[in-house]
Amino acid sequence: MQCGFAMLCAGSVRQKNVKNIMLKNILDACGGALGYYAIGFGVAYEGGTFIGTSGPRFFLNDYGNYIDFFFQFTFAATAATIVAGTVAERCKMGAYLCYSIFLTAFVYPVVVHAIWNGEGFLSAFAEEPVRGVGMIDFAGSGVVHMTGGATALVAAIILGPRIGRFYDEDGNALDKPHDFPPHSVALQVLGTFILWFGWYGFNPGSTLAISPSGYGDVAALCAVTTTLSAATGAVSAMFTDTLLGFLSEGEAEYDLSMCMNGCLSGLVGITAGCSVVEPWAAVLIGAIAGIVYVFSSKLLVLLKIDDAVDAIPVHFFNGIWGCIATGLLAAPRHTDLAYGATNCGLFYSNANLLVNELLGVGFIILWVVGVMTPFFFGLNMLGMFRVDPLEEKVGLDISHHKGAAYDLTSPDQVDVDVLAEKRATAHGKETFADAA
C-alpha cells in the first residue's frame, strides 16, 4: 500500500517536487512504525474505557503476537499517508514528520479503540454491543480512511492552497482555478494498480485467519465485493465526469484521473461492508462512490480548498459513504457469518446498524477535527507548517533535497554541433588518419 501511495503521489505532483513527496511517503512508514510501536498499539488494543491504559502492547513489552502488531501497523501507516498527497508541494518536512507520529501514536489509535477494540463503546466485538450490533467497519472505511481524510481536510484548510491555484500574485481570486498537470500519468496508473492489489491484503486479510470454519468464505466474499466495487467506481466516476462535461461544454472527453480516483473511491466505499454485503450491493456501492467522488472533488474547488491529489474526496467523503452503505445494505446471512449479529442493514431489518454507523461517523469527525485543528494551528503559528513562498516556487526538491529528482541536463551544445558536422561528412565515421 505504501508503494502504491508513493507512486500515485509522485505521479500526481509537478516534477520539481517528486523527491519531497517520495521522502514523505517513506517517513510515513518510518514514523508510523515507531509511533505505533511505542504508544499507538497499546492505546488501540489494551483495556480501557476510552483508550488502552497499560499492558504488554506498549513498546511490545513481553507481547509475543508479533504478526498482530505488524498487520495493525500497516493500517496506521495508511491512515497517515493519506495526508501526504493533500498537502504536497507546500508542507515543511518537520511538520509532516510531527503529524505522522502524532496521528499514528494517538489520534488514530483512539478511533481504533472505540470501534475495533472489544471494550470500545461502538465495537461490534463487545460482549453487549450497542443496539445489539455495534458499528460494523470491517476493514476501515471510517477507522482508517475517514481518519486520514479528515486530517487531510483540516491540514489543507489551515495550510492554504498552493501558490497560483486559486489566487494571483496580488491575492486576487482567479476567474478559473489553475490546474497543475501531473508530471507522470504512468506513475499515477502504476500507483492505482498497486493500491488495488494491496487492498486484497486489507479487506480479505481483515478476516485475520483462513483455516477456522467459515473464515475462508468471509475472505472470498471480501475479495469479490472489493473487485466489483473498485471496477464500478472507476467506470461511474469517469462517465459521470464525461456526462457533466458534455452537458456544459458539448464535448465528450474521458478523464484518466477521474477513472483512477473513482476506482480508489470504490475501494474505500466497500471497505467497511466488504464482508457483509451481497455482490450486487458492492456494484451499487461502487457506482455511488464514483459519483460521490466527482461531486465532492468539485465542492472542494468551489470552496477553494486545495487537495493536490484529491485524497479528501476519495478517503473522507467516500469513507462516510462506505459506513452509511453498510448500515443500509448489510445482508443478514453475511452479517451473521462475519459477526454473529442478527441486526443488519436498514433494507433488511431495522435502523439499529445504520444509527451506529452514523454515530461512528460523527465520532470520528468530532475527534479528529477537534484534536488535529489545534495541532496544525500550533504548527502554523510557530512557522513550522508551510515552506517559504520562494522555496515553493523553485520547488521543494531543489530547496530542500539537494537537487531535482531527474537529471534533465542537456548535452553540451559544442558536442552537439561537432556530432552534426561529423554526420554531414563521411557519414559520421572517422578515418584512421583522423583518429591518429
Side-chain angles (χ1 to χ4, degrees), residues 9-10 12-32 34-35 38-40 77 79-108 147-174 177-178 180 300 303-309 311-312 316 367-405:
C9 290
S12 299
V13 300
R14 287 169 288 182
Q15 177 186 305
K16 62 183 181 180
N17 295 306
V18 173
K19 270 187 179 180
N20 179 261
I21 197 65
M22 296 288 273
L23 181 56
K24 284 175 179 174
N25 274 271
I26 293 175
L27 291 180
D28 271 329
C30 299
L34 296 174
I39 303 173
T81 203
I82 288 169
V83 189
T86 295
V87 300
E89 304 193 311
R90 61 206 191 275
C91 178
K92 283 187 175 180
M93 184 61 65
Y96 193 80
L97 185 58
C98 289
Y99 128 79
S100 182
I101 295 174
F102 183 58
L103 184 70
T104 54
F106 183 63
V107 179
Y108 166 78
T147 298
T151 303
L153 179 59
V154 174
I157 292 172
I158 296 174
L159 188 62
R162 289 166 289 177
I163 294 174
R165 177 73 168 109
F166 298 118
Y167 304 96
D168 62 20
E169 293 185 356
D170 297 323
N172 301 312
L174 299 174
H178 179 69
F180 298 112
L300 289 187
L303 296 175
K304 291 183 169 57
I305 298 174
D306 185 17
D307 184 346
V309 301
I312 297 168
F316 178 67
W367 168 249
V368 175
V369 172
V371 174
M372 296 308 299
T373 298
F375 180 82
F376 284 127
F377 264 124
L379 290 176
N380 201 37
M381 289 176 63
L382 293 171
M384 296 174 59
F385 202 12
R386 183 159 186 152
V387 300
D388 179 81
L390 180 59
E391 294 176 342
E392 182 179 343
K393 290 179 180 179
V394 171
L396 302 187
D397 288 358
I398 291 176
S399 60
H400 286 73
H401 305 295
K402 300 182 179 181

When you measure from the side chain of [X] to the backbone N and O of [Y], does any donor-acceptor pair fall under 3.5 Å?
X	Y	answer
Ser100	Tyr96	no
Lys19	Ile398	no
Asn17	Leu396	yes
Arg90	Ala88	yes

Please work out whether the ring planes of Phe180 and His178 are parallel, tilted or perpendicular, with thresholds of 30° and 60°. perpendicular
Over all atoms of both residues, closest heavy-atom pair of [X] and [Y]:
X	Y	result
Ala150	Val368	CB-CG1, 3.7 Å
Pro389	Ile163	O-CD1, 3.7 Å
Ala10	Val13	O-CG2, 3.5 Å
Gly35	Thr104	CA-OG1, 4.2 Å
Thr86	Ala311	OG1-CB, 3.4 Å
Val87	Ala155	CG1-CB, 3.7 Å

Taking salt bridge (charged side-chain N to carboxylate O under 4.0 Å, His left out) as the definition, give me every residue that meets it alongside Arg165, ordered by chain and number, with sequence neighbours left out. Asp179, Asp306
Could you walk me through whether Asp397 and Lys16 pass the side chain to side chain contact (heavy atoms under 4.5 Å, CB included) test, one step at a time? CA-CA 6 Å; Asp397 288 358; Lys16 62 183 181 180; 5.5 Å; no
Quick one: pull up [atom1] in [X] and [atom2] in [Y] and give me the separation to the nearest 0.5 Å.
X	Y	atom1	atom2	result
Asp388	Lys393	CG	NZ	9.5 Å
Ile305	Leu159	CD1	CG	12.0 Å
Asn380	Ile158	CG	CD1	7.0 Å
Ile21	Ile26	CD1	CD1	11.0 Å

Does Ile157 form a side chain to side chain contact (heavy atoms under 4.5 Å, CB included) with Phe376? I'd like the steps, not just the answer. CA-CA 10 Å; Ile157 292 172; Phe376 284 127; over 6 Å; no
For residues [X] and [Y], determine if any side-chain heavy atom of one lies less than 4.5 Å from a side-chain heavy atom of the other.
X	Y	value
Cys9	Lys24	no
Arg162	Arg14	yes
Glu89	Glu392	no
Thr147	Leu103	yes
Leu27	Met93	yes

Side chain to side chain contact (heavy atoms under 4.5 Å, CB included) assessment of Asp168 paired with Leu174: CA-CA 6 Å; Asp168 62 20; Leu174 299 174; 4.0 Å; yes
What verdict does the side chain to side chain contact (heavy atoms under 4.5 Å, CB included) test give for Ile39 and Phe106, after you've listed the backbone C-alpha separation in whole Å, the side-chain angles of each residue and the deciding distance to 0.1 Å? CA-CA 7 Å; Ile39 303 173; Phe106 183 63; 5.9 Å; no
Flag the pair Tyr99 / Phe375 as yes when their ring centroid distance falls below 6.0 Å, and as no otherwise. no
